[in-house]
There are 4 protein chains.
Amino acid sequence: MSSKLFAVIAGAGTGTGRAAALRFSKAYPVVLMARKPGSYQDTVSEINQAGGKAVGISADVTDTQSMGHAFDAIKKELPDFKLAAAVYNVASGYMIKPFLELKPEDLDSSLSGSARGLFNFAQKTIPLLLDAVPESEHSPTLLITGATASLRGSAKFGALAAGMFARRGLAQSLAREFHPQGVHIAHSIIDGLIDVPRTKAYATNDGVEDGKLKPEAIAESYWYLHTQPRSAFTQELDLRPYVERF
Amino acid sequence: MSSKLFAVIAGAGTGTGRAAALRFSKAYPVVLMARKPGSYQDTVSEINQAGGKAVGISADVTDTQSMGHAFDAIKKELPDFKLAAAVYNVASGYMIKPFLELKPEDLDSSLSGSARGLFNFAQKTIPLLLDAVPESEHSPTLLITGATASLRGSAKFGALAAGMFARRGLAQSLAREFHPQGVHIAHSIIDGLIDVPRTKAYATNDGVEDGKLKPEAIAESYWYLHTQPRSAFTQELDLRPYVERF
Amino acid sequence: MSSKLFAVIAGAGTGTGRAAALRFSKAYPVVLMARKPGSYQDTVSEINQAGGKAVGISADVTDTQSMGHAFDAIKKELPDFKLAAAVYNVASGYMIKPFLELKPEDLDSSLSGSARGLFNFAQKTIPLLLDAVPESEHSPTLLITGATASLRGSAKFGALAAGMFARRGLAQSLAREFHPQGVHIAHSIIDGLIDVPRTKAYATNDGVEDGKLKPEAIAESYWYLHTQPRSAFTQELDLRPYVERF
Amino acid sequence: MSSKLFAVIAGAGTGTGRAAALRFSKAYPVVLMARKPGSYQDTVSEINQAGGKAVGISADVTDTQSMGHAFDAIKKELPDFKLAAAVYNVASGYMIKPFLELKPEDLDSSLSGSARGLFNFAQKTIPLLLDAVPESEHSPTLLITGATASLRGSAKFGALAAGMFARRGLAQSLAREFHPQGVHIAHSIIDGLIDVPRTKAYATNDGVEDGKLKPEAIAESYWYLHTQPRSAFTQELDLRPYVERF
């Protein structure tokens, strides 16, 4: 059945992941993936209560076995559905530390969440996205969240930059391989603080009210990217608050 | 009156300019600007007949006097309107020539259309966009068309690259100055052939039907950029057909 | 005679141009080009008194006729010499101004010095550099001075960035066309203040003594670029003081 | 004793590593590091027989314990020496494979050699380089080998690009942290095939003799970077054969 499409969001906790789940749930059943149920339960309930359809699945994107189980579970939950959109929004730990104080584990943790997790998620989702090409109204899309550190290795951001640069390199490579096959791969540079409870205490530039990125605005841009016809795919865009220095 | 907003498109001939005029005319009266009436007349008629409002103005963006007259005329035509969106889509001549065969006039022509024209257009529109900040539902926006040659100086594309690099440098500078004042400046890298009558004869990659950029898709991305809330402005994105090598 | 080689420096006044003239004069007779004799006379004398050979020529790189005369004069002065190295170091006016206060002449002045001048200089020197390929020990080289504004359009630097972006786009295009013909085109991003009398009053980062770029260090890097074998050409490098933020 | 300085090269097998060892051995005793003695023995002998001083040490840069032993051994071999230059030239496996055929181990192997190895090597060498700042004639330098895949994620190069992007992000971060402390961190984009036995069979562009990068030319550029005064550090440069398309 051509209209049975779903979306999956990895890193569906607060912020961008939650907002993307809400946005995509207006059009598709959505699967929210996070390590702990506590990260997605409220959003799953919210979507289901609002008349949408949401499923939560606990999984660790950095672990191939866990990903295997997760996608088996998805297949059981949504047996006839094809994958219209996959969002990779796993955070890799925001770490600012003098280089000589970093531990090898800090680097590994960043590389795992930023690159290995995307690798595993893409290996699971791209075959499903390819399979949906003939039937999806919009080109099946893999949306990947980047950051300032994807483009710039700032002092004391070495571990984070290594991971986010790696994520971007992999995203580019996926775009060049799969665009011609009809799967859209887009990478968004989120250049600024996101307006979530965790960043409440951080001051915005110029002290303005709307000086942080609203998760809903990021999610809306993900939806827009998903709807781009394949005659005009965006591979990369930046998103930043109007008062952000760059 | 807060709801009286309009849009202006420079380089409103065929392709992206025409499509942008049609797209923005769904929301605003639009002013189409081109050197010759023949470039915009049909689109103006089409919009007016469809129940929209369009005005055509002949002007040369590279000539400050001509621009002065044009914006005086706009003020007369739309006396109480504020400027919600301005699109700079002037082509600067697609010239492929061994460097030693180029004439100084080739360079000047590229610099004029690509940079001087944007400079003049921005000097006329930015004060109007700033003036609309308090009243426009969407942040007032200056949308600027870029190209592959904005990022890459290919062999034999020296004149074109000089102009398009200059345009991009100016666009960045405008974004950094005016974003904090609430005016959104976005630059789109159009990386591929646009599907217009002039490119009919050019083969697409992989010989596919939709291997060229549809002007309507570009226009839709311009509209999306215009609607971004200021908590998440995009300064630059790329747009290319799915089969395009990059 | 294969050993009769010379170098020409445009923008040979103080700073980088003067230092490049001194550095290249250790290996070649050098022609110093500037609009006014006052800019090069002292350096010409200094080189000649030290046993080198230097010739000063007044010319305006933005004027093709003036460039024609200049290269005729060079041919008379150094009739049997081939061109080993050409340095384009013309400054385009360091202008920081709110965009709406800029005049069209400010933009034109930047585009002229940054792009049109390089265009004219390259049209005169590249044929001479190509002619020297078989005989020059080092690959004949066109060295082009860039700046922070070549890569970044900062707020209020719009005119400068337009010019310097254009210069870089043209430099890239020249490299892609002429590297395969054996002429080396290198662009150096000078990212910081140069230590010349004019910048004496400007504070350095961290207040250190050597926080500005020494012209001699830039000139040494130009000489190194010139000596690169064609199996390993550098097209672009950055140069900045160790304390510079970037 | 201020003149007792040495250099260490990780990845000192054939090609760039061997050439760097030979080049730096003209000025300093050199330590050649590789996983297997077979990779460095000949070069060690060659340097020692030519009157230089070279020491070979077997170590795995991706293993912190192995690196600990290696630097203990270096301390014993060269007890009073300070570190003038460290070269990170470890290859991370040149792998071209459709993404869906890659194994997680392929990604890990690339991330390990490209990023984790540099991380470990930098944690061991930067304290030594900082210690040499007051006494080294040239600023103590960490030289890092990059590749085309450091800047571009090509189709089917996903694993390699992830690793090389990560390496570049880390290199930038190190530069921004340690330049102000007097340690120079430079990253070289090697954009083309290197002329080593392994690439003998690969055709060069245009079929020319010198269409591959000579390891000696790369090594010479590393030496030049090492000698840059701190008033003009290069953080990144590209190196490519004159016939290379880019």
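Within every chain, numbering begins at 1; the chains are lettered A, B, ... in the order of the sequence lines, protein sequences first and strands thereafter. Scope of the values below: all heavy atoms of this structure, side chains included, with no hydrogens, waters or symmetry mates. Owing to the predicted nature of the structure, the values given are computational and were not obtained by experimental measurement.
- For the pair C:Gln228 and D:Leu239, the minimum side-chain heavy-atom distance is below 4.5 Å.
- Side chain of D:Asp238 to backbone of C:Thr234: no donor-acceptor contact under 3.5 angstrom is found.
- When D:Pro229, D:Ser188, D:Ser221 are compared by the number of non-hydrogen pairs under 4.5 Å with chain C, D:Ser221 comes out ahead.
- Taken from CD in D:Glu209 to OG in C:Ser231, the straight-line distance is 11.0 Å, to the nearest 0.5 Å.
- Aromatic ring orientation, D:Tyr224 versus C:Tyr224: parallel (interplanar angle below 30°, classes split at 30° and 60°).
- Note on C:Val243, C:Leu213, C:Asp191: by heavy-atom pairs under 4.5 Å with chain D, the leading option is C:Leu213.
- C:Lys214 touches chain D through backbone and side chain together, each having a heavy atom under 4.5 Å away.
- When side chains are defined from C-beta on, C:Arg230 counts as touching D:Asp210, because their heavy atoms get closer than 4.5 Å.
- Looking at every heavy atom in both residues, D:His179 comes nearest to C:Phe246 through ND1-CE2, 4.4 Å.
- Going from atom CG of D:Leu237 over to atom CD1 of C:Ile189 covers 12.5 Å, rounded to the nearest 0.5 Å.
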